[in-house]
Amino acid sequence: MDFYDDGTFTGGVRMSRSQLRSRIEDLHGKIEDENEKREELLSKLRRTERAIEQWRELLRDMEALLR
């Protein structure tokens, strides 16, 4: 049987332990999804920064040839 808590630890929201556990698991899943998205964005950012630096180097080389 699921016992209800008195809401002390949930800000007054009364849930069964299984509901609380399920809610916590859902939140952990959301956090993991957001972390994956963050890592993908950071990877894209690093690739973009490398591409920008390559273009800068190319422009420097071209300017040096024009002098």
Side-chain angles (χ1 to χ4, degrees):
M1 175 168 187
D2 285 330
F3 294 96
Y4 285 84
D5 71 18
D6 64 357
T8 303
F9 295 108
T10 59
V13 177
R14 295 181 63 158
M15 294 184 185
S16 68
R17 289 179 183 166
S18 64
Q19 289 171 320
L20 286 171
R21 190 177 308 113
S22 175
R23 172 82 187 214
I24 290 169
E25 288 171 0
D26 290 343
L27 291 173
H28 278 293
K30 287 180 182 181
I31 289 170
E32 288 175 6
D33 291 344
E34 290 299 318
N35 283 337
E36 287 176 13
K37 289 178 188 177
R38 179 181 176 269
E39 289 302 318
E40 289 174 17
L41 288 172
L42 286 173
S43 177
K44 287 180 183 180
L45 177 61
R46 286 189 292 269
R47 283 194 303 271
T48 302
E49 288 174 338
R50 284 193 300 270
I52 290 170
E53 187 56 35
Q54 289 172 346
W55 279 103
R56 284 182 179 158
E57 289 176 12
L58 179 61
L59 287 172
R60 283 187 219 116
D61 292 346
M62 291 174 69
E63 286 176 345
L65 290 173
L66 292 174
R67 290 184 188 169

Looking at CD of E36 and CD1 of I31, how far apart are the two atoms once the value is rounded to the nearest 0.5 Å?
12.5 Å
Of E39, R46, E40, the residue whose pairing with S43 passes side-chain contact (heavy atoms from CB on, under 4.5 Å)
R46
Going by side-chain contact (heavy atoms from CB on, under 4.5 Å), name the residues that satisfy it together with R38, two or more places apart in sequence or in a different chain.
L42
Where the side chain of S22 meets the backbone of S18, is there a donor-acceptor pair that is under 3.5 Å apart?
no
Taking atom OG1 of T48 and atom NZ of K44, what is their separation to the nearest 0.5 Å?
9.0 Å
R56 CZ: over 12 foreign heavy atoms closer than 6.0 Å
no
Taking C-beta and beyond as the side chain, do E57 and E53 meet within less than 4.5 Å on heavy atoms?
yes
I'd like to know if W55 and M62 are part of one continuous hydrophobic network [Ile/Leu/Val/Met/Phe/Trp/Tyr, side-chain heavy atoms within less than 4.5 Å].
yes
Who passes side-chain contact (heavy atoms from CB on, under 4.5 Å) against L41, sequence neighbours left out?
none
By salt bridge (charged side-chain N to carboxylate O under 4.0 Å, His left out), K37 pairs with (sequence neighbours left out) E34
